[in-house]
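Protein chains get the first letters and strands the later ones, always in sequence-line order, with residue 1 at the start of each.
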Amino acid sequence: MSAYFVAIGIVSLIYMLLALGLTLQFGLTGLINFGHVGFFAIGAYTSALLSLQGVPLPLSFLAAAIVPGLMALPIGLISLRLRDDYFAIVTLGFSEVVRAVITNARELTGGTQGIPGIPRMYPGLTGLPAQLAVLATVGLVTLAAVWMIVRIARSPFGRMIQAIRDNEVAVKALGKDPARFKVQVLAVGAALAGIASAFYAHYITYIVPDQFIPLVTFYVWMAIIMGGASRISGAVLGTAILMAFLEGSRFVHDFLPGVSEVHMASVRIGIVGLLLIVFVIKRPQGLMGDTTQR
Amino acid sequence: MTDLLQHVANGVVQGLFIGMAALAITLVFGIARFPNAATGDMMTFGAYAGLVAQQAANSLVLAGAVAILAGAVVALASHWLVFRRLAGRSVVSLLVASIGVAFMIRAVLGVVFGQAQAVFQVPLTRAQLYWGVRVTPLNLQISQVVVAALLVVFAVLYFTPIGRQMRAVADDRDLARVSGIRPERVMVALWLMAGAVAGLAGMMLGIKTVVAPEVGWEMLLPAFTAAILGGIGSAPGAVLAGLLLGVAQEVSTPFVGFSYKIAIAFLVMLGVLLVRPSGLFGRSESVR
Amino acid sequence: MTLEVRDIVMNFGGFRALDGVSLTVPAGGLVGLIGPNGAGKSTLFAIMSGFQTQDAGAVLLDGRPLDALAAPARARAGLVRTFQVPREFRNLTVRQNLLAAAPGQTGENLLGLFFQPGRVAREEAVIARRAEETLRLLKLAPVADQPARQLSGGQKKLLELGRALMLDPRFVLLDEPFAGVNPVLIGEIVARIRELNAAGIGFLIIEHDLEALTRLVPYLAVLDRGRIIAQGGPDAVLTDAAVREAYLGGVA
Ligand SMILES: Nc1ncnc2c1ncn2[C@@H]1O[C@H](COP(=O)(O)OP(=O)(O)OP(=O)(O)O)[C@@H](O)[C@H]1O
Ligand SMILES: [Mg+2]
């Protein structure tokens, strides 16, 4: 039983890292990143492939942060001058192209078969101690990420990205180039997604393209919208609810044997859709009361 | 040479689907002012509705009518239940809500029909050769239906009072309001038309390929690309751009492979937005 | 050391908003720009500040054309504008609005932020003092820690002005700085603009409040339907027949 809770803790923290990236990108800066899962996928494949080539895990984790961060630069440079809605479409398209590439570049990525046998962290440990070690590591990384984002939010940089969210034209009139800030924000969020994905890949130990569908992006959107988009406490609470929802829907399946897994998948998508709609209409400030006016 | 022509011909058929989807998107984008990410799933909804009708009554014509009706109904319902309540809110609210609508439509279809693929029962026919290009009668008929539907849409847009009002709102919402156009009437007409177009497009796509829960969603990126390429709000632009994109995708398949079609659409979109960050013919917002 | 526009033409569709406008603000000059609603004044500002691109003509700073510079670069070059419709950062406090406007902050770069924390803190202290002064000057100190969206219309105009002043500009384009501001405060702002002007900052000011404007500027230009129809000392300009015609329409 405790192994189960440790497992939940690990997956929660992985989602938490994703949510923190979106808090920075959307909550503070106003970037509508609909392609979060694309950066997550790039990080996962980077770390998995490198570690299978014998690269030590600390280095492959580092690469999992850097490669998506660098991928964010060209995407950012091309698209950050766009209107909000075009940016959303472009990032969504980006993540679908990433998925097309990992599905079809079979020699490299194993295609739809994916990559099995990804090395675990802490190979010297087994059973619960191994799990706890992973939990502690991802917990420390998450704490570091929270510290970093709080630090950013309260800094001159944080002031400026919130200014960009509020009025981009005025930022330009003050002699600052919004794109310069946005590209940094995009890269940091992508790097966070990349680190999250390395934990994911080396914890689950196999990855396939189907794990990187847009639904994952919108799980994270659901979390930060329910919690309150520009608050870190919102990301925490939202992730907790998301996890409870994902796990709970598995239990429904266990209790109601008549409901097939296929049906449950549809029901899950439907609930995500419903929650997105209800919160956007009824409680856009989220549960933690994000008072930001957009 | 005939190979190229063959690809062009296939591309035209594909382009008609993209064009219809782009038309549904550009109408909403131009008038309700947000990119409706549920357009793809509205198409899927039309495809399944048509499938059910065809299995029940064994009539493709009836199925088409049902697909049109289903698309229109689901679009109008999403306007009433969701989008209308977000009028005046920031574009991200509408975008996220449209994703929510997309998921809910897909969930309903998934629960009712499962994840398996289904096909329309259509008579198998032999391809005919026109100037060395193989064209199946089915593709020809699909194309004729799509073209006819497009003509009807354009007739409504350009020759009826409500169509003129829709175009006026797309051009300049404030001006349209002061000239006494009733916004809600225009909105209802808009969603009926966009939904009908999406529903029919979904069914035609289903006849040509298969009916599956994600067929519509997979059209979304090419359709957005065509809408942007054609100029947001421009119905003829969307259709022309859809045709262009369909041909471009088909003609490039020998070089990049079938599976990278989506990447072609994405690159075209980036290209257009690089040249004109507000889209071709896009409005530039005034700064005072 | 001058700010100059030369033969600016701007069309919106078939409508010609600016029709060959030329105007010079000398270094440290103080020029008023007046004209009926829709004359093209704000459009001229948008072109000068790089937010819109003219169809013909040039904007020159110290004789160098600014065409190649985008809006932020023009502000950094010392040409700063305010907006007729205030564009406050609505979720930031009034004080943060001012701090955000300060130029050249090390802490606006992620690397600087994490690797030079001492320098960031020192710079913050300096700009915080400047922000404090600006708040006092504009009578915004009591609301300094409120979100800017809660300000009144007039206070928002003051905030626009305050942010522009935080930049250490060489030329300031003010678009109706007095609209909605109470007369006592207008007097104080007029005095402050005079001081800044005496310190060498040039101003070009759009204003419909002619009484306040003529108290401030020694030189007026009148824009009407996209053309400069008169310029010179206020007395001469305001008695000019063409100007009276433009303002009073067919009545005169
Ligand atoms: N982006 C735009 N598109 C179309 N027309 C525009 C645009 N911007 C301004 N105009 C038109 O150009 C003309 C000049 O506008 P502008 O805002 O420069 O006037 P103004 O002199 O500042 O007036 P006011 O004193 O009322 O502020 C007006 O007729 C306006 O409608
Ligand atoms: Mg004006």
Side-chain angles (χ1 to χ4, degrees), chain A residues 26 30 32 34 74-75 77-90 92-94 96-101 103-105 111 169 172-173 213-215 217-218 221-222 225 229 260 262-282 284 293-294, chain B residues 29 33-35 37-38 78 81-82 85-86 89-116 213-214 217-218 220-221 224-225 227-228 232 257-263 265-267 269-270 273-274 277-279 282 285 287:
Chain A
F26 174 67
I32 311 178
F34 274 4
I75 291 291
L77 290 178
I78 293 172
S79 55
L80 286 173
R81 287 163 214 284
L82 303 180
R83 289 167 26 174
D84 298 350
D85 42 4
Y86 288 179
F87 182 76
I89 298 170
V90 167
L92 180 62
F94 162 74
E96 287 291 75
V97 170
V98 168
R99 192 158 63 104
V101 170
T103 310
N104 294 301
V169 167
K172 288 186 189 162
I213 52 177
L215 181 61
T217 298
F218 294 106
W221 270 90
M222 177 179 117
I225 286 178
S260 73
V262 174
H263 275 136
M264 242 358 265
S266 293
V267 170
R268 208 176 287 142
I269 291 183
I271 294 177
V272 172
L274 184 65
L275 286 172
L276 286 176
I277 293 171
V278 168
F279 269 82
V280 165
I281 292 178
K282 295 287 185 197
Q293 278 185 7
R294 290 178 196 277
Chain B
F29 212 155
R33 308 275 157 137
F34 72 97
S78 47
L81 296 175
V82 180
R85 291 164 195 245
L86 291 168
R89 294 266 294 273
S90 64
V91 69
V92 64
S93 309
L94 287 153
L95 254 170
V96 171
S98 76
I99 293 280
V101 169
F103 283 178
M104 288 193 69
I105 295 174
R106 205 177 312 165
V108 169
L109 294 176
V111 166
V112 176
F113 298 100
Q115 300 295 314
E214 305 231 331
W217 173 263
E218 282 158 12
L220 199 58
L221 191 64
F224 272 137
T225 302
I228 291 173
I232 293 303
F258 174 76
S259 5
Y260 286 112
K261 267 187 187 171
I262 189 164
F266 185 66
L267 289 179
M269 181 192 293
L270 284 187
L273 291 175
L274 260 181
S278 51
E285 255 111 288
V287 170

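Contact between A:Ala88 and A:Phe34 at its shortest, heavy atoms only, is O-CB, 3.6 Å. Scanning all heavy atoms of the two residues, the minimum distance from B:Pro213 to B:Gly114 falls at CG-O, 3.8 Å.
A distance of 8.5 Å separates OG1 in B:Thr225 from CZ in B:Phe266, rounded to the nearest 0.5 Å. Between B:Ser78 atom OG and B:Met104 atom CE the span is 11.0 Å, to the nearest 0.5 Å.
If you measure heavy-atom distances from B:Ile262 to chain A, the contacts under 4.5 Å come from both the backbone and the side chain. For chain A, the nearby part of B:Leu81 is the backbone; its heavy atoms alone come within less than 4.5 Å. Of the two parts of B:Val111, the backbone and the side chain both hold a non-hydrogen atom closer than 4.5 Å to a non-hydrogen atom of chain A. Of the two parts of B:Val108, neither the backbone nor the side chain holds a non-hydrogen atom closer than 4.5 Å to a non-hydrogen atom of chain A. Of the two parts of A:Val278, neither the backbone nor the side chain holds a non-hydrogen atom closer than 4.5 Å to a non-hydrogen atom of chain B. Heavy-atom distances place the side chain of A:Leu92, and not its backbone, under 4.5 Å from chain B. With a 4.5 Å cut-off on non-hydrogen atoms, A:Ile225 touches chain B through its side chain but not through its backbone.
Side-chain contact between B:Leu273 and A:Tyr86 is present, with heavy atoms from C-beta onward closer than 4.5 Å. Annotation: side chain of A:Asp85 is in contact with side chain of B:Phe29 (closest heavy-atom distance under 4.5 Å). By the 4.5 Å heavy-atom criterion applied to side chains, A:Arg99 and A:Ile213 are counted as neighbours.
Note: A:Leu274 leads A:Leu274, A:Ile271, A:Leu215 in heavy-atom pairs under 4.5 Å with chain B. Among B:Leu109, B:Leu94, B:Ile99, B:Ile105, the residue with the largest count of heavy-atom pairs under 4.5 Å with chain A is B:Ile99. Counting heavy-atom pairs closer than 4.5 Å to chain B, the top-ranked of the candidates A:Val90, A:Ile78, A:Asp84 is A:Val90. Contact count against chain A (heavy-atom pairs under 4.5 Å) is highest for B:Gly110 among B:Ser98, B:Ala102, B:Gly110. Ranked by heavy-atom pairs under 4.5 Å with chain B, the first of A:Val101, A:Thr103, A:Val272 is A:Val101. Among the candidates B:Val91, B:Val101, B:Leu86, the residue making the largest number of heavy-atom pairs closer than 4.5 Å to chain A is B:Leu86. The candidate with the highest count of non-hydrogen atom pairs below 4.5 Å against chain B, out of A:Leu275, A:Val97, A:Ile277, is A:Ile277.
Cation-pi geometry between B:Arg106 and B:Phe103 is not satisfied (NZ or CZ under 6.0 Å from the ring centre, within 45° of the ring normal).
Looking only at distances, a side-chain donor or acceptor of B:Arg89 sits under 3.5 Å from a matching main-chain atom of A:Val280.
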